[in-house]
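Along the sequence shown, the residues carry numbers beginning at 1.
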Amino acid sequence: MTFDKNKIIHYCNEISKNTLMQTLNIEFVDAGEDFLVATMPVNPSVHQPMGLLHGGASVALAESVGSAASMLFVNSEHSEVRGIEISANHLKAKREGIVTATARILHKGRSIHLWEIRITDENGSLISLCKLTNMVIPKRKSQD
């Protein structure tokens, strides 16, 4: 199977419609053989009361990009992906602009995927560093 960056980005953005990703204005913008990138605007809709980017919004961005990236590695007819653990270190405050999350695979096993997600600002400064563990499980047969 050949890698088609534009098709992957389009697919990720399409499956995000009417979800938390759309609510947070997360947009998938780049992809590679071992990474996926998404952006999110920083504005009052993702602020905590002090006017800063909410850590939960950063974690939602990280899990969104890491989970979507795992989905690209599995056969969706037979398998599903579930996030089972996420950790985040918030290193720098952000009030406005755009943050970019880049998920890179650290371990790609048959049943476990481990991702490092770096969230940076427009200047490349590290805002948050996250680690996401996803479990790959057999797809359940639908009950008709």
Side-chain angles (χ1 to χ4, degrees), residues 1 3-140 142:
M1 184 169 135
F3 177 81
D4 186 336
K5 173 178 147 174
N6 293 328
K7 188 174 180 180
I8 288 169
I9 293 168
H10 177 75
Y11 170 76
C12 290
N13 285 316
E14 282 297 308
I15 64 170
S16 296
K17 290 183 177 176
N18 300 311
T19 68
L20 179 66
M21 284 77 79
Q22 183 175 353
T23 301
L24 297 177
N25 292 305
I26 293 171
E27 180 182 3
F28 292 90
V29 296
D30 197 10
E33 298 280 343
D34 65 345
F35 71 91
L36 186 62
V37 180
T39 60
M40 181 178 71
V42 179
N43 55 45
S45 70
V46 295
H47 282 171
Q48 41 94 314
M50 300 284 291
L52 303 171
L53 174 61
H54 193 292
S58 295
V59 171
L61 171 61
E63 186 159 2
S64 297
V65 73
S67 292
S70 274
M71 289 174 40
L72 301 175
F73 286 134
V74 301
N75 180 336
S76 62
E77 292 181 20
H78 304 291
S79 301
E80 296 179 337
V81 172
R82 298 287 186 273
I84 59 172
E85 182 178 9
I86 190 163
S87 65
N89 293 99
H90 305 299
L91 305 169
K92 186 175 178 185
K94 182 82 174 151
R95 291 187 183 277
E96 59 184 16
I98 301 283
V99 288
T100 300
T102 302
R104 291 195 180 276
I105 191 81
L106 297 175
H107 172 77
K108 183 176 73 168
R110 285 177 294 179
S111 59
I112 296 289
H113 293 171
L114 178 61
W115 294 92
E116 176 186 77
I117 302 104
R118 297 175 68 86
I119 300 176
T120 58
D121 67 9
E122 302 90 339
N123 300 316
S125 295
L126 188 60
I127 304 297
S128 295
L129 180 62
C130 305
K131 183 178 72 172
L132 172 66
T133 306
N134 289 327
M135 180 173 53
V136 179
I137 60 173
K139 191 169 195 172
R140 294 183 180 178
S142 63

Measure from the side-chain N and O atoms of [X] to the backbone N and O of [Y], and report whether any donor-acceptor pair falls under 3.5 Å.
| X | Y | result |
| --- | --- | --- |
| His47 | Arg95 | yes |
| Thr19 | Ser16 | yes |
| Glu122 | Ile98 | yes |

Quick one: does [X]'s side chain get under 4.5 Å of [Y]'s, heavy atoms only?
| X | Y | result |
| --- | --- | --- |
| Ile105 | Trp115 | yes |
| Lys94 | Val99 | yes |
| Glu116 | Lys131 | no |
| Ile9 | Val29 | no |
| Tyr11 | Met71 | yes |
| Phe28 | Val65 | yes |
| Lys92 | Leu52 | no |
| Leu91 | Ser128 | no |

Listed partners of Val74 passing side-chain contact (heavy atoms from CB on, under 4.5 Å), at least two apart: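 Result, side-chain contact (heavy atoms from CB on, under 4.5 Å) vs Val74: Ser79, Val81, His113, Val136.
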Spacing of [atom1] belonging to [X] relative to [atom2] belonging to [Y], to within rounding of 0.5 Å:
| X | Y | atom1 | atom2 | answer |
| --- | --- | --- | --- | --- |
| Ile127 | Leu53 | CD1 | CG | 7.5 Å |
| Met40 | Leu24 | CE | CG | 6.0 Å |
| Asn89 | Leu126 | CG | CG | 9.0 Å |
| Ser111 | Met135 | OG | CE | 8.5 Å |
| Asn6 | Ile8 | CG | CD1 | 9.5 Å |
| Ile112 | Glu85 | CD1 | CD | 10.0 Å |

Test side chain to side chain contact (heavy atoms under 4.5 Å, CB included) applied to His54 and Val46, step by step: CA-CA 6 Å; His54 193 292; Val46 295; 5.6 Å; no
Taking all non-hydrogen atoms of both residues, which atom of [X] and which atom of [Y] are closest, and how far apart?
| X | Y | value |
| --- | --- | --- |
| Ala60 | Leu20 | CB-CD2, 4.0 Å |
| Asn134 | Ser70 | ND2-OG, 2.9 Å |
| Leu36 | Ala68 | CD2-CB, 3.7 Å |
| Ile117 | Ala101 | CG2-CB, 3.9 Å |
| Cys130 | Ile119 | SG-CD1, 4.3 Å |

Please list all pairs passing the side chain to side chain donor-acceptor pair (under 3.5 Å) test where one or both residues lie in residues 20-33, with sequence neighbours left out.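 Qualifying pairs: Lys5-Asp30.
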Thr100 and Val37: side chain to side chain contact (heavy atoms under 4.5 Å, CB included), yes or no, with the steps? CA-CA 7 Å; Thr100 300; Val37 180; 3.4 Å; yes
Check against side chain to side chain contact (heavy atoms under 4.5 Å, CB included), Val59 and His90: CA-CA 9 Å; Val59 171; His90 305 299; 4.1 Å; yes
Quick check: are there more than 12 heavy atoms from other residues, nucleotides or ligands sitting under 6.0 Å from CD of Glu96?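 Atom CD in Glu96 is not packed in, count stays at 12 or less.
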Test Met21 against every option in Ile26, Ile15, Leu61 by the side chain to side chain contact (heavy atoms under 4.5 Å, CB included) rule and name the one that passes.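 The passing option is Ile26.
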Ignoring hydrogens and angles, state whether a donor on the side chain of Ser125 or Asn123 is under 3.5 Å from an acceptor on the partner side chain.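 Per modelled atom types, Ser125 and Asn123 side chains form no pair under 3.5 Å.
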Under the rule for side chain to side chain donor-acceptor pair (under 3.5 Å), what residues qualify as partners of Lys108, not counting sequence neighbours?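 For Lys108, no residue satisfies side chain to side chain donor-acceptor pair (under 3.5 Å) once neighbours in sequence are set aside.
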